[in-house]
Number of protein chains: 2
Amino acid sequence: MRDYKISDIAKMANVSVATVSRMLNNSASVTEKTRRKVLEAIEKANYTPNAVAKNLRSKKTMALAVQVPDIGVSYFADIVKGIENMASSLNYKIFICDLQNQKEKAYEYMSLLLNRTVDGMILVTPDLTDEEIVSYVDQGYKIGVIGRHIDHREIPCVYTDNVKMGKEVVSHLISQGHERIAFLSGFAHAIDSYTRLEGYMKGLRDAGYPFLPELIENGDFNEDKGYEAFKRLIAKNVHFTAVFAANDEMALGVYKACQELNIKIPEEMAVVGVDNTRITNYIAPKMSTVDQPKYAMGALIAEKLIDQINDNIYRDQRVFKVDSTLIIRESSNYKRK
Amino acid sequence: MRDYKISDIAKMANVSVATVSRMLNNSASVTEKTRRKVLEAIEKANYTPNAVAKNLRSKKTMALAVQVPDIGVSYFADIVKGIENMASSLNYKIFICDLQNQKEKAYEYMSLLLNRTVDGMILVTPDLTDEEIVSYVDQGYKIGVIGRHIDHREIPCVYTDNVKMGKEVVSHLISQGHERIAFLSGFAHAIDSYTRLEGYMKGLRDAGYPFLPELIENGDFNEDKGYEAFKRLIAKNVHFTAVFAANDEMALGVYKACQELNIKIPEEMAVVGVDNTRITNYIAPKMSTVDQPKYAMGALIAEKLIDQINDNIYRDQRVFKVDSTLIIRESSNYKRK
DNA sequence: GTGAAAGCGCTAACAT
DNA sequence: ATGTTAGCGCTTTCAC
């Protein structure tokens, strides 16, 4: 393959490489006549500037990486769409790093940031600790996070008010006549899960109900673990009539377990998930869940991270707590007693 | 941020840059003693080689781009996982290009290939024509396709035997007592849709049933268009008792329309989709569909494209026709009459 | 408005 | 086994 470079174009158009570069980047004015000559040469050669050389010289790649636990989960896919669209409108490209639920990959993918393949990284994952993230940022790497809040003036954060969300779910369940509500958490270390649990406890307390530790089970945000956690709950022989799962995937696991055990949703067991994953609106019975403005959250974090990359001194708001919306569908729409 | 480069490390370790490079890339032997000195300097400086400079010099980026119509559709997400894992095991990175169902983006994203941001591109999309793809490849760009077959010795292809698939679906439906089976196609120009239609016609002919053009409607592989297409079918007032949709998304649109029109699936209308999208196994009634070995297909195309990138002369098989499996679930599991 | 030339950080050919 | 150096294709400073 014949590969043209900027000097070939310069020669063909009888101008200097600097002029071609200036024209390509609109970085300085060029007479209309020169412009036409250059354009003609470019056309004739079918020339495309080499982005790698440009990146090296300009020390920018105009690319961001996004880490998600599993791109197959529509919650993450929707966030990524928001990121992609905002980034694209600001002329940034996106590397999607799909961890496929393998934690180790979180570290591997950081190399994209360290080795300058991308200008910044967005973490939609709980894997790296706050300290690790802060340490990278203090070395000058640009990172934005979604779904968690890190208190550092150079880290843009977009997250949901999980405490409020948890309280809202619990009070809805209570209003439906439930007194004993189980909670299925995600990873123990995931802040999302943690704060939803906090909301759950506050909701219980506000209503004057006791917090029963035996009604809490750990999962890992995946369907299988939700399934297992629910089975453990049943095996314990504790009484409960509702489940609040820290995300939809785990709630799906509860559905599966209920089907196997012949437990009727919502008559015998109310189920509420979180994320408003696409599937929740198709499954029978339709699942109650909590919607987050995923697309907007993605767009917001992309915008703010790009701001951060281009400014360094951060101009204004950096932390965004967004509201979620409880969506009551069939799986919890049944008044007990 | 202090950015170390290879010459800094060389100075710190009292060796030449070549030695550092050689050590980093294991491209030639280095004495254990030098190795340790260099390692120590790298550690001390917290040095990571600049991938952009490396890419420029080596004229490789070790990255592939993958175009998909919509990463939120689990069919594509699964293929991408296969690609990602194979690529990653061969030390390649992946750029996911999510078209978000906007055709124009297909062309925009090609710039990643043209400007050398990636070494190759995998198209899981029907948007570019065979001619366009061939033209790129003839210019030396490396492209692999999935879901279609392009007759060119340098283009690896992995695709499903859609004709066989179509016949299988139709004969299943016929065996359930259906005589008038509607077909919902995807884009008119999509080869997948085209060949499935071909299989549908052959299946009909084999059974001695007539092909009725009024039972064919066009969609675009999305739920909305499937919904509309089905409504048009109904509005035509033609008689039919089964629908074969060219993919699950459109079949989902049929579900929605049936619900609105109070048509019972499968008793009054059998529905079969294609792709075995995750949602088909959760929706009520569970949807019959055709499974393709998505993950394996993704892995295969990645492997073959990387082969092609590294060889140029293509060694062996380039075209892979894989088999699909009809999965009969509730939406077509009802014998008529 | 345009050109000459330095240099981004790395690899690899050539020399020792 | 190790060092020297040219050069990958581009942007940008400094002249003019």
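These numbers were taken from a predicted model, which means no experiment stands behind them. Every chain is numbered from 1, with letters handed out A, B, ... down the list of sequences. In what follows, every heavy atom counts, from backbone to side chain, and hydrogens, waters and symmetry copies are set aside.
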Open item on the list: Return whichever of B:R22 or B:L56 has its heavy-atom-nearest nucleotide of DNA chain C closer to the 5' end.
Closed with: B:L56

Task: Nearest-nucleotide comparison on DNA chain C, the residue closer to the 5′ end among A:A28 and B:S27 - done: A:A28

Task: Check: B:F221 ring centroid to B:F187 ring centroid under 6.0 Å - done: yes

Open item on the list: Could you check, using the six-membered ring where one of them is a Trp, whether B:F95 and A:F95 have ring centers closer than 6.0 angstrom?
Closed with: yes

Taking the side chain of [X] as its heavy atoms from C-beta onward, which of [options] lies nearest to it?
X: B:A53; options: C:dT11, C:dG9, D:dT11; result: C:dG9
X: B:N25; options: D:dG3, C:dT11, D:dG9; result: C:dT11
X: A:T19; options: C:dC10, C:dG3, C:dA5; result: C:dG3
X: A:K54; options: C:dT2, D:dC10, C:dG1; result: D:dC10
X: A:V30; options: C:dC10, D:dT11, C:dT2; result: C:dT2
X: B:A18; options: D:dG3, C:dG1, C:dT11; result: D:dG3

Quiz question: by atom type and distance under 3.5 Å, do the side chains of [X] and [Y] form a donor-acceptor pair?
X: B:N115; Y: A:K54; answer: no
X: B:H152; Y: B:D138; answer: yes
X: A:Q100; Y: B:N85; answer: yes

Open item on the list: Is there a side-chain contact between B:K60 and the phosphate of D:dC8, meaning an N or O under 4.0 Å from OP1 or OP2?
Closed with: no

Open item on the list: With a 4.0 Å limit, can you tell me whether B:S29 has a side-chain N or O closer than that to the phosphate oxygens OP1/OP2 of D:dA1?
Closed with: yes

- [ ] In whole angstrom, give the distance that lies between atom CG of A:N55 and atom C1' of D:dC8.
- [x] 14 Å

Task: Earlier contact from the 5' end, DNA chain D, for B:N14 and B:S58 - done: B:N14

Open item on the list: Once hydrogens and angles are ignored, does a donor-acceptor distance under 3.5 Å link the base of C:dG1 to the side chain of A:R35?
Closed with: no

Task: N/O donor-acceptor pair, side chain B:R57 with base D:dG9, under 3.5 angstrom - done: no

